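In this text the structure is predicted, and so the values were computed from the model without any measurement. Convention: sequence-line order gives letters A, B, ...; per-chain numbering from 1.
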Amino acid sequence: MSTSTTARSRTSRAASPGPGPSFFRVLNSEFIKFRTLLSTLILLACTAVVMVGFGALSAWGTGQFADAAASDPSAAEAMAAQGGDLAVTVPTSGIAFAQLILGSLGVLLMSSEFTTGMARSTFAAVPKRIPAFLAKLVVMMVSAFVLTAVSTYIAGLVSVPILDNYGPNLDLGSSQSVKLLLVNSVYVASVAAIGMALGTMVRNSAGGIMSLVGLFFVAPIAFQLIPGDFFVEARKYLPGNTINPLTAVEHVPDTLEAWQAGLVLGAWVVVPLVLAMILLKMRDV
Amino acid sequence: MIEAQGLTKVYGDKTAVGGVNFTVHAGRVTGFLGPNGAGKSTTMRMIMGLDTPTAGTVTVNGEPFARHSAPLREIGALLDAKAVHTGRSAYNHLLAMAATHSIPKKRVHEVIEMTGLGDVARKKVKGFSLGMGQRLGIAAALLGDPQTIILDEPVNGLDPEGVVWVRNLVRFLASEGRTVFLSSHLMSEMAVTADHLIVIGRGRIIADAPIKDIITGKGQSRTRVRTDQPDQLMNVLAGNGVSVEVQDHELLEVKGLDPRQIARAALDCRVMIYELTPLQASLEEAYMELTKDEVEYHSMITTGAPVPAQPGGN
């Protein structure tokens, strides 16, 4: 007890007390928090497994389809109707699940702060609150981007020999392959950011994840079922429907242009984040 | 030093803290005592900038908490033993907290040793007992070696050895010139730990005085008198602000006079007394006396259920 307390002079209180919570230090703290939770690491591992697993499955399926197309004209027609190169999308075929897992992780990172009471410790150390939120956002988005990019690449490496077996060629270095890898990684990082915003606003894990699932999985289906032009039009602007225009080789009629989709996704990230930060600053912890 | 001025917190139509003023000074242990729902924890959360006051201000060392350049080095708080993600180990929790202020790992190990968490520091907090959770909260509060320490119910769930440890720790911290602000529902514990007491009831400060003054306050000092002529002595003593209670055949309890005055009065009228014992009220009695009025007063003017006068773990 005495060693610690006499170690530092308590006499001059006018002097600066020592280093405070600079952004870099808060970032370091949030990174420690991120990597010291087993549940977080499990979700990250699940994402990698799902991405690589679906890549391999998709390679097998695409290969068989191509095989069939070689001997069956109707299958060849169907394949042509798909827009030609199917093999290039194989490495990112697990993206729908990656976005669900990492989006949920985004929700959990914030909601667990409130459900466990950790927020009181976090915001006592960083009373301005926003730096802690931004630091967590950086950690989450960078992790989601890197994990998606690396898993996509590994899924590609696994898929190449499987596809080779059947015929289709997958070039991981092609510009379309690189574009798909980067755009999908940015997209998953964006979903994770939306998840964090939802987790901050709802402060409840189940509620936050349900909101996320509702936005990305339920709304697109519901909008399709509801009759009326409004919903057909509005459906294009859902965040989950921005990924196809963003990764399309050519513009598909009746969808957003790539730049429009980029803006829409950006708005879906920025608006909830700003709302979340306003609420975080205003509300009691 | 902690200074609250007109500090108010209103939740909907319920006033949790109603314009309280108090100052917690350095170099002594200040106890914060009050019944359940009196506003103790709300006040402490406002000091830590976690809850925004509806009105009024509270400053720590002259500045609102959030304005300090290094908050954890100014003020350390145990507000709730559960202010930690239970999936993380105690060591990693403290490490993450320390990282925000570049507090070295050495200090993390120090506070773990100080609080006796050495054996469990690498285990998940999920499996911690309430007492271990309290120790972890105290470790977190001490991390930045702060000048001001706030502990909300620190002995809750601690074993007797832990209670003595907390008592010695806070007394030691205060002796170093630090400001120690401590809430507890154990009044006997307050009596031996705190130097100064702030009593809060229904969101208002009822008393703010050295603990000795509260225990031996006016109207609280009583003297037990035994005499073989109780009736005669009662007549002599009766007067302004003096109350005499017949306890037994030859036993009286006198309030409002000190033993010297009683002895003189007895001598003057030649009544023999054969016991004269000054009685000190316990903190419990003093506290009940203080909060009784507060609770009754509020029960009369509000339609809400009366609040029990028992101190609470809030």
Side-chain angles (χ1 to χ4, degrees), chain A residues 1-42 108-109 112-129 131-132 135 281-285, chain B residues 9 11 45-46 48-52 61 64-77 79-89 91-93 95-103 107 110-111 113-114 124-125 137 140-147 168-169 172-173 176-178:
Chain A
M1 194 151 72
S2 56
T3 52
S4 57
T5 40
T6 50
R8 210 168 301 157
S9 166
R10 310 298 318 175
T11 45
S12 63
R13 296 303 305 167
S16 168
S22 69
F23 187 72
F24 177 75
R25 296 192 190 107
V26 177
L27 191 62
N28 183 24
S29 170
E30 288 299 334
F31 186 49
I32 293 171
K33 281 159 76 176
F34 187 79
R35 63 176 194 252
T36 53
L37 266 189
L38 186 62
S39 54
T40 301
L41 300 179
I42 289 173
L108 286 173
L109 282 192
S112 69
E113 287 267 338
F114 294 100
T115 54
T116 61
M118 181 67 202
R120 283 189 285 276
S121 296
T122 303
F123 299 126
V126 190
K128 291 185 169 57
R129 300 185 193 175
K281 188 85 184 167
M282 277 172 36
R283 287 200 290 209
D284 290 341
V285 175
Chain B
K9 184 69 183 181
Y11 295 108
R45 281 200 306 272
M46 287 194 283
M48 293 304 288
L50 295 173
D51 285 13
T52 312
N61 303 332
F65 179 70
R67 291 254 195 85
H68 285 291
S69 61
L72 285 191
R73 295 177 189 276
E74 288 295 337
I75 180 163
L79 291 183
D80 190 333
K82 295 183 294 279
V84 49
H85 196 304
T86 48
R88 208 172 271 123
S89 71
Y91 174 75
N92 283 328
H93 170 72
L95 198 63
M97 299 282 295
T100 58
H101 284 59
S102 280
I103 294 166
R107 178 65 184 165
E110 270 176 18
V111 294
E113 289 311 315
M114 273 173 76
K124 281 187 185 181
V125 177
L142 297 175
L143 202 53
D145 196 12
Q147 178 67 8
N168 292 335
L169 176 70
F172 173 72
L173 292 169
E176 288 187 311
R178 295 174 209 249

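- Contact of A:Arg129 with chain B is made through the side chain alone, with heavy-atom distances under 4.5 Å.
- Around CZ of A:Arg283, the count of heavy atoms belonging to other residues, nucleotides or ligands within 6.0 Å exceeds 12.
- Of the residues considered (B:Leu72, B:Asp51, B:Asn92, B:Leu95), B:Asp51 shows the highest number of contacts with chain A, using heavy-atom pairs under 4.5 Å.
- Between B:Met97 and A:Ser29, every side-chain heavy-atom pair lies at or beyond the 4.5 Å cut-off.
- For the set B:Ser69, B:Gly49, B:Ala140, the count of heavy-atom pairs under 4.5 angstrom toward chain A peaks at B:Ser69.
- Between the NZ atom in A:Lys33 and the NE2 atom in B:His93 there is a gap of 9.0 Å [rounded to 0.5 Å].
- What you find for A:Lys128 and B:Ala66 is that their closest heavy atoms are NZ-O, 3.0 Å.
- Contact annotation for B:Tyr11: only side-chain heavy atoms (C-beta onward) come within less than 4.5 Å of a heavy atom of chain A.
- The structure places OG1 of B:Thr52 at 9.0 Å from CE of A:Met282, a figure rounded to the nearest 0.5 Å.
- In terms of heavy-atom pairs under 4.5 angstrom with chain B, the leader among A:Val26, A:Leu27, A:Leu37 is A:Leu37.
- Nearest approach of A:Ala125 to B:Pro71, heavy atoms of both residues: O-CG, 4.1 Å.
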### Task
Please lay out, stage by stage, how A:Arg25 and B:Thr100 fare under the test side chain to side chain donor-acceptor pair (under 3.5 Å).
CA-CA 5 Å; A:Arg25 296 192 190 107; B:Thr100 58; over 6 Å; no

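- Residues B:Met48 and A:Ala124 come closest through the heavy atom pair CE-CB, 3.9 Å.
- Two residues are said to be in side-chain contact when any heavy atoms from C-beta on lie closer than 4.5 Å; A:Leu38 and B:Arg88 fail this criterion.
- Heavy atoms of A:Ser39 lying under 4.5 Å from chain B are absent altogether.
- Residues passing the side chain to side chain donor-acceptor pair (under 3.5 Å) test with A:Thr40, sequence neighbours excluded: none.
- Only the backbone of A:Ser22 comes within contact range of chain B, with at least one heavy atom under 4.5 Å from a heavy atom of that chain.
- The closest side-chain heavy-atom distance from B:Arg73 to A:Pro19 is below 4.5 Å.
- Between the side chain of A:Arg120 and the main chain of B:Leu50, no donor-acceptor pair closer than 3.5 Å is present.
- Proximity of A:Asp284 to B:Arg45: side-chain heavy atoms (C-beta onward) are nowhere separated by under 4.5 Å.
- When each of A:Val126, A:Val285, A:Thr36 is checked for heavy-atom pairs under 4.5 Å with chain B, A:Thr36 comes out on top.
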